[in-house]
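See structure below.
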Amino acid sequence: MRTYVPTPEWIVLDWHHACIAAELLCIQRCTGCGRWRHPPRRFCPACQSDQAAFEPVTGSGSVLSFAVSHRSLDPGWQAHAPYATLLVELDEGPRLLAATTTPPGEIRIGQRLAVRTEALSENFVLVWADPASHDEPTSMAPRARGNPHD
Amino acid sequence: MGTDLWGTTAIVGVGETDYVRGSDRHVCDLILDAAMEAITDAGLKPADINGIIPPPGYMSTEEIAAHLGVPDVAYHVSVLMGGASPTASLQTAAMAIAGGLADNVLVCMGWNGYSALRPKPDARPTKRVMNLGPMGETVRNHYAPYGLMSAAQHYSLYLRRYVETFGIPEDAAAAVAIACRNHAQLNSKALMRGAPLSRADYDAAPFIAEPLRKFDCCVETDCATAVVVTSLERARDLVHPAVVYLGGAEGHPEPADEIANRANLLELGIHRAAPRAFARAGVSPHDIDVLEIYDCFTYVVLLQLEALGYAEPGGAPAFVANGNIELGGRFPLNTHGGLLSQGHCWGLNHVVEATRQLRGTADAQVTDAELALVTGYGDLGDGSVAILGRDR
Ligand SMILES: [Zn+2]
């Protein structure tokens, strides 16, 4: 169904390997100052430390935005059109894209999500997110890096 | 420092091929045709060119020089900002000239934007491709596995946020699409000349990636354009009235190499480039007579108009309403039809059109146009701005 599975390299590959080993979503965390960051970066933008580890996260987050694709160049995805892709803000702060089984019409910005991973190869995990079973009010969602203008 | 650069160079030659879906010409022929036309338009010979900025991909400076017969390339550089590249290239050309590194700089763009994915059965094959630059890695690793391969899909991640945050109505996007299509009816080279667009057509078209409908998306085209930049002093001895490069800038969002982790999803490169460009040119947004705004997608035009200061955040719908951006309005926008309706030449066609407007020779001429503003937009939100003016 998903026809395109990349073979990442460098620190992106390290991230995928960490998620596969933990069987959980892991995110890079600065050893120097404790800040989480994604996608993986060599140096911490806050303290410049290059010491970091991939640590499991809670898997909770919310919908910051989402794409609804009606056309896809990938036949595997085109078969599912229209499909949503979620831009997830994890409770720890970092954001990433996630596939979802939820129909586009049922997705709302601010909706609470539970995130999980699926290993598609030895070198790649796909991140999935769907509404959390107990939908908390969005005002309760922790906002590690909220910005009133975005 | 700034006084030695801004306002001391000028665009003196422009060239453009036809804008077509499925060219019979090899992509290299398109690029070289436009380049030779720009040199000739300036009243120069290839031997007068000694600076080259090639397209992002397809052809190298070395090949371009050899095929045109440019004997002595003193300076060249590639600018890799996707659709922001050509407009950003003007500042690079100006720096090279003001710094004495080159005298006459050729800026080229051209591609097989339509035929790359759908070659005609008898078309001359090519293995030449665009240089995706920094976005290639991000798309390959982080977006494509989630079914997001096209620019429409990538940008829809923040365009949804824009639409929902401010309640942007489809009316605003439709106004941009229809203004560009109306202007294309007047442009002799526009791909969509003869194919007017009504609001009913716009509304009836399917979504590509929400909020983008079919007519919110630019037209993929085979085409090429080129311009020649020289010093204002030399420009005054050449064929056409000099079109002065008054100021320009580039800007990049943070981080520039991916969308998701920007503190503000709606703060793009142009938000940083615009104030720099206006300050360098010494003009304000309301001094401008013609707007040539990078229009890969209608909603991206709205966001850029806000970044440029023509409206508050969320205020662009009022700006584009009531014919304000149509020929005859206060701020005619994309008078050639833009990427949406003339054709997609990475915005160097916007620079060509701005030059013609300021020469007074555009097909859809804005009366007494003295100042034009061009934007570029590309990769995952890089931006560039150029402010051009008639020589006074
Ligand atoms: Zn740190």
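Lettering of chains follows the sequences in order, A, B, ..., and the numbering in each one begins at 1. Every heavy atom of this structure was used, including side-chain atoms; hydrogens, water molecules and symmetry mates were not. Here the structure is a predicted model, which is why all the values come from computation and not from measurement.
- Proximity to chain B is limited to the side chain of A:Arg41, based on heavy atoms less than 4.5 angstrom apart.
- Note on B:Thr138, B:Asp257, B:Ile259: by heavy-atom pairs under 4.5 Å with chain A, the leading option is B:Asp257.
- Listed by chain and residue number, B:Val20, B:Arg25, B:Leu30, B:Asp222 satisfy the side-chain contact (heavy atoms from CB on, under 4.5 Å) test with B:Ser23 (two or more places apart in sequence, or in another chain).
- No donor-acceptor distance shorter than 3.5 angstrom exists from the side chain of B:Gln153 to the backbone of A:Ser72, with no hydrogens or angles considered.
- With a 4.5 Å cut-off on side-chain heavy atoms, A:Leu126 and B:Pro145 count as touching.
- For B:Glu164, the part lying under 4.5 angstrom from a heavy atom of chain A is the side chain only.
- Enclosure of atom CD in A:Glu9 is not indicated, since only 12 or fewer non-hydrogen atoms of other residues, nucleotides or ligands lie within 6.0 angstrom.
- For a residue to count as touching a neighbouring chain, one of its non-hydrogen atoms must lie under 4.5 Å from one of that chain's; by this rule A:Val12 touches chain B with the side chain only.
- Between the CZ atom of B:Arg213 and the NE2 atom of A:His70 there is a distance of 8.5 Å, given to the nearest 0.5 Å.
- Contact of A:Ala98 with chain B is made through the backbone alone, with heavy-atom distances under 4.5 Å.
- More than 12 non-hydrogen atoms from other residues, nucleotides or ligands lie less than 6.0 angstrom from CZ of A:Arg37.
- For a heavy-atom cut-off of 4.5 Å, chain A lies close to B:Pro206, B:Phe207, B:Ile208, B:Ala209, B:Glu210 in residues 197-212 of chain B.
- In this structure, chain B has heavy atoms under 4.5 Å from both the backbone and the side chain of A:Val127.
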Practice item. For side-chain contact (heavy atoms from CB on, under 4.5 Å), just list the numbers for B:Arg160 and A:Val68, CA-CA rounded to whole Å, side-chain angles, deciding distance to a tenth of an Å, and then say yes or no. Key: CA-CA 9 Å; B:Arg160 170 173 299 274; A:Val68 177; 3.4 Å; yes
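- Both the backbone and the side chain of A:Pro39 come within contact range of chain B, each with at least one heavy atom under 4.5 Å from a heavy atom of that chain.
- For B:Tyr155, the ring pair (Phe, Tyr, Trp, His ring centres under 6.0 Å) partners two or more places apart in sequence, or in a different chain, are B:Tyr158, B:Phe297, B:Tyr377.
- Using a distance-only test at 3.5 Å, with no hydrogens or angles considered, no donor-acceptor pair links the side chain of A:Tyr4 to the main chain of B:Gly147.
- Note: A:Trp15 and B:His142 have tilted aromatic rings, judged against thresholds of 30 and 60 degrees for the angle between ring planes.
- The CG atom of A:Leu73 sits 11.0 Å away from the CG atom of B:Leu148 when rounded to the nearest 0.5 Å.
- For the pair B:Arg161 (side chain) and A:Ile109 (backbone), a donor-acceptor distance under 3.5 Å is absent.
- In this structure, B:Asn141 contributes its side chain and A:Pro6 its backbone to no donor-acceptor pair below 3.5 Å.
- The distance from atom CG of A:Leu87 to atom CG of B:Leu265, rounded to the nearest 0.5 Å, is 6.0 Å.
- Rounding to the nearest 0.5 Å places CG of A:Leu97 at 7.0 Å from OH of B:Tyr146.
- To the nearest 0.5 Å, the span separating NZ on B:Lys214 from CZ on A:Arg71 amounts to 8.0 Å.
- Chain B is approached within less than 4.5 Å, heavy atom to heavy atom, by no residue from residues 46-59 of chain A.
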